[in-house]
Amino acid sequence: MADPCHSFPASVHPPKAGGVIAPDLLDWYDRHARRLPWRSPPGTPPPDPYRVWLSEIMLQQTTVAAAAPYFARFTARWPTVADLAATEDAELMAAWAGLGYYARARNLLACARAVMADHGGVFPATEQGLRALPGIGPYTAAAIAAIAFGQAATVVDGNVERVIARLFALDRPIAQAKPEIRDHAARLTPAVRPGDYAQAMMDLGATICTPRNPACAICPVRRACAAAATGDPARYPVRAAKPVRPHRHGIGFFAVAEDHLLLVRRPPKGLLAGMRALPVSDWGDPADAGARLAQAPLTARWTLRAPPVRHVFTHFSLDLDVAVARLDRRCALPPGGEWWPLAELDRAGLPSLFAKAARLAVTGLAVTGKDEGDDDGEQA
DNA sequence: TATTCGTGGCA
DNA sequence: TTGCCAAGAAT
């Protein structure tokens, strides 16, 4: 279709809401683009689609600072999609450990293998083709199409939603304004340099049009912004009421025999799916804490360590008590269990919750018979 | 449309 | 200390 950005003159519809922003935004991006490991400088040829895809998956609900070291390790270990597709599941999951949202790691592998098996090792160049791959949703498909293949796809992420909500001073919460936001975003997307434009919108949201204290004084599209005109731009986007986060309790079991630790593989669906982990009790009402020690994976003399590990997930918080037991020998394993060498614990690929619990338990082992030098702020 | 799914930094 | 938030996808 025709360039929607220029379907009417800006002077006819004054820029009180929106207007043509792409030229000013791209000009700003040429001067202020963030230099990131997966990005090519403004106006230069696009990066390898594999690297664009990998970065976009890692960046889903994840900060640039958190994703960057993982991106460096992944591209060093797996320089191409073929390398990634050929790796073992366990190695991939361990490499992802600590980054969170582990369904991304499973889908990453499934996607790489689909690209090899169904697309001759080449990423599809269209939004539709990308959208059909595991782990690639509306945002990621549009981002890869725009950034790696130069297509004028409408890229809508959290940054874009916030920028649009302010440009048009939308009075409804984002959850309810999604269709309207997408509509505005599509009209603002230019036919020229769509990849740079998409990244410019995200940079704008990340560095200028921030959630709190937006820097309107130096914003390249302030003249088009209805929220800035109100004098209180931080009022947008309107925030919906947040649901209360329930609190749960559980026990993680740290069983050591012959300098080996009992680990299990978590089920393929649900929380921390497919990840190596400590055996655990159920996680539920803190009032039922007393009954959970009976859920140990094997019979032993369990000692409860204090304080518990406090961990916050997206939709609940958890106090995980750590129960420790020493066994004389490596006994029969529960289903899916393995004895892991304690000396190589950092290579087990434990999610952060269990890495924290293991650190707590290991410090307990180290000071057996002694009681000095607990490293961190242990408190009642 | 609403839930489920991690983690760490920061005000 | 607590809550907020980050380049969302799958169901």
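Letters go in sequence order (proteins before strands), and every chain restarts at 1. Here the structure is a predicted model, which means the values were calculated and not measured.
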Colleague: Using a heavy-atom distance cut-off of less than 4.0 Å, which residues of residues 68-78 of chain A contact DNA chain C?
Modeller: none
Colleague: Using the P atom in both, what is the distance from dT4(B) to dA7(C), to the nearest Å?
Modeller: 24 Å
Colleague: Sequence neighbours excluded, which residues qualify as side chain to side chain contact (heavy atoms under 4.5 Å, CB included) partners of N213(A)?
Modeller: none
Colleague: State which residues pass side chain to side chain donor-acceptor pair (under 3.5 Å) with Q60(A); sequence neighbours excluded, sorted by chain then number.
Modeller: T140(A)
Colleague: Would you please name every residue forming a side chain to side chain donor-acceptor pair (under 3.5 Å) with S352(A), sequence neighbours left out?
Modeller: none
Colleague: Let me have a per-nucleotide readout for nucleotides 2-11 of chain B, 5' to 3', with B, S or -, counting only protein heavy atoms under 4.0 Å.
Modeller: --SBBBS---
Colleague: Does any residue of residues 27-45 of chain A have a heavy atom under 4.0 Å from DNA chain B, and if so, which ones, in number order?
Modeller: none
Colleague: List in chain and number order the residues that pass side chain to side chain donor-acceptor pair (under 3.5 Å) with Q295(A), two or more places apart in sequence or in another chain; answer none if no residue qualifies.
Modeller: D282(A)
Colleague: Which parts of residues 136-157 of chain A get close to DNA chain C, meaning a heavy atom less than 4.0 angstrom away?
Modeller: I136(A), G137(A), P138(A), Y139(A), T140(A), D157(A)
Colleague: Determine the interatomic distance between C1' on dT1(B) and the same-named atom on dG8(C); round to the nearest Å.
Modeller: 16 Å
Colleague: Please identify each residue that fulfils salt bridge (Lys or Arg N to Asp or Glu O under 4.0 Å) with E88(A), with sequence neighbours left out.
Modeller: none
Colleague: List in chain and number order the residues that pass ring pair (Phe, Tyr, Trp, His ring centres under 6.0 Å) with W78(A), two or more places apart in sequence or in another chain; answer none if no residue qualifies.
Modeller: F74(A)
Colleague: What residues from residues 46-57 of chain A pass a heavy-atom cutoff of under 4.0 Å to DNA chain B?
Modeller: none
Colleague: I'd like to check the side chain to side chain contact (heavy atoms under 4.5 Å, CB included) partners of A112(A); sequence neighbours left out, ordered by chain and number.
Modeller: W53(A), V81(A), L84(A), A85(A)
